[in-house]
Amino acid sequence: MANQHLTDDCLFCKIIRGEIPSCKIAETDKSYCFLDINPLSEGHALVIPKFHAEFLHQVPDDILADMLPLAKKVALASGLDASQYNILQNNGPLAHQVVKHVHFHIIPKPDAKQGLQIGWPQQVISQDDLKTTLGRIKEKL
Ligand code: AMP
Ligand code: ZN
């Protein structure tokens with residue numbers, strides 16, 4: 001399996017190896033997709049790389065490039081009768097990551113009550129502040 005790099009003590013690595021059961025939806029040689037055990041809505045699925053990494057930026061590009069087409073395919077099927085959905089990917093505990101193996105959530109949004117609820121605390125800032133931020137980011141690229 002290309003680039004396979006799994007660890008012994010990770011829940012999702014164990015799921016990939018078949019040591020812990022999962023409701024597998026689909027897999028490729030680089031990615032694995034299964035149902036979330038505590039769904040936010042029916043069909044809530046996870047796409048994970050067959051490469052142990054805690055953060056998205058630690059996953060090799062070829063594996064990342066494999067994951068989104070799989071997520072796209074599953075998003076159409078896992079929503080069942082729902083055609084709207086959220087794709088969510090958390091990095092770090094402050095960003096709500098619990099399982100330290102990269103995963104994309106595919107969360108069907110069948111109605112206003114089920115699925116992902118999002119807080120969106122927008123800030124109002126000046127164009128000058130926006131440009132200062134832009135300069136700082138570009139220096140770090
Ligand atoms: P996150 O907060 O982004 O780390 O989300 C981790 C997700 O993994 C949660 O939605 C859990 O319900 C899900 N999860 C944890 N253990 C399992 C498992 N054994 N099988 C399927 N999903 C799981
Ligand atoms: Zn892992």
Side-chain angles (χ1 to χ4, degrees), residues 1-127 129-141:
M1 217 170 281
N3 281 327
Q4 189 159 0
H5 162 75
L6 303 175
T7 63
D8 290 337
D9 55 355
C10 165
L11 174 64
F12 285 177
C13 286
K14 287 180 180 170
I15 284 178
I16 291 166
R17 280 199 298 268
E19 294 168 12
I20 288 178
S22 69
C23 291
K24 183 177 96 173
I25 298 173
E27 69 180 315
T28 69
D29 62 337
K30 296 176 182 172
S31 312
Y32 187 93
C33 178
F34 58 110
L35 286 177
D36 194 297
I37 203 166
N38 293 126
L40 294 181
S41 56
E42 186 181 13
H44 181 169
L46 301 171
V47 173
I48 62 177
K50 290 182 177 176
F51 182 100
H52 180 82
E54 183 173 348
F55 296 105
L56 182 78
H57 62 264
Q58 297 167 334
V59 180
D61 287 354
D62 63 311
I63 300 180
L64 286 179
D66 187 78
M67 292 173 73
L68 271 188
L70 181 58
K72 181 172 87 170
K73 193 173 168 184
V74 169
L76 291 177
S78 70
L80 303 171
D81 296 326
S83 58
Q84 299 181 52
Y85 57 91
N86 293 96
I87 303 285
L88 177 68
Q89 202 275 312
N90 303 325
N91 291 273
L94 283 178
H96 209 284
Q97 183 179 16
V98 174
V99 177
K100 293 181 177 177
H101 181 124
V102 168
H103 47 281
F104 284 91
H105 293 264
I106 302 160
I107 310 167
K109 191 71 182 169
D111 55 47
K113 285 195 175 154
Q114 298 177 79
L116 186 65
Q117 308 293 327
I118 305 177
W120 202 257
Q122 286 183 299
Q123 301 174 5
V124 178
I125 62 168
S126 68
Q127 281 295 312
D129 286 346
L130 215 52
K131 296 228 166 83
T132 301
T133 302
L134 179 62
R136 292 178 60 211
I137 292 171
K138 284 185 165 177
E139 273 172 24
K140 294 195 88 173
L141 265 184

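In listed order, ligands and their atoms are each counted from 1. Residues take their numbers from the sequence shown, with the count starting at 1. Keep in mind it's a predicted model, so treat the numbers as computed, not measured.
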Applying a strict 4.0 Å limit to heavy atoms, is [X] in contact with ligand 1?
| X | value |
| --- | --- |
| Gln89 | no |
| Ile20 | no |
| Leu46 | yes |
| Leu40 | no |
| His105 | yes |

Quiz item: When the aromatic ring centroids of His52 and His5 are compared, is their separation below 6.0 Å?
Solution: no

Quiz item: Do the two ring centres, one from His103 and one from His105, sit under 6.0 Å apart?
Solution: yes

Quiz item: Which residue pairs pass the salt bridge (charged side-chain N to carboxylate O under 4.0 Å, His left out) test when at least one of the two sits in residues 130-141, sequence neighbours left out?
Solution: none

Which residue holds the protein heavy atom closest to [atom], what is that atom called, and what is the gap in Å?
| atom | value |
| --- | --- |
| atom 2 (O) of ligand 1 | His96 O, 2.8 Å |
| atom 19 (N) of ligand 1 | Ile15 CD1, 3.9 Å |
| atom 23 (C) of ligand 1 | Ile37 CG2, 3.5 Å |
| atom 15 (C) of ligand 1 | Leu11 CD2, 4.0 Å |
| atom 6 (C) of ligand 1 | His103 NE2, 3.5 Å |

Euclidean distance, [Y] [atom2] relative to [X] [atom1], rounded to 0.5 Å:
| X | Y | atom1 | atom2 | answer |
| --- | --- | --- | --- | --- |
| Leu6 | Ile15 | CG | CD1 | 12.0 Å |
| Leu70 | Ile106 | CG | CD1 | 7.0 Å |
| Leu64 | Phe104 | CG | CZ | 6.5 Å |
| Met67 | Lys50 | CE | NZ | 11.5 Å |
| Ile48 | Cys13 | CD1 | SG | 7.5 Å |
| Leu130 | Gln123 | CG | CD | 11.0 Å |

Check ligand 1 against [X] and write out every atom of the ligand that is under 4.0 Å from a heavy-atom position of the residue.
| X | answer |
| --- | --- |
| Leu35 | 21 (C) |
| Phe34 | 20 (N), 21 (C), 22 (N) |
| Phe12 | 8 (O) |

Self-check item: No-hydrogen, no-angle side-chain donor-acceptor test under 3.5 Å, Ser78 and Tyr85
Solution: no

Exercise. Enumerate the protein N/O/S atoms at a distance below 2.8 Å from the Zn ion (ligand 2), ignoring waters.
Key: Cys10 SG, Cys13 SG, His52 ND1, His101 ND1

Quiz item: What do you reckon, is NZ of Lys109 surrounded by more than 12 foreign heavy atoms closer than 6.0 Å?
Solution: yes

Practice problem: Look at atom CD of Gln84 and say whether more than 12 heavy atoms of other residues, nucleotides or ligands are closer to it than 6.0 Å. | Solution: no

Quiz item: Does an N or O from His44, backbone or side chain, lie closer than 3.5 Å to an N or O of ligand 1?
Solution: no

Self-check item: Minimum heavy-atom distance between His101 and Pro49, given as atom pair plus value
Solution: NE2-O, 2.9 Å

Exercise. Could you check which of Ile107, Asp36, Val98 puts a non-hydrogen atom nearest to atom 9 (C) of ligand 1?
Key: Asp36

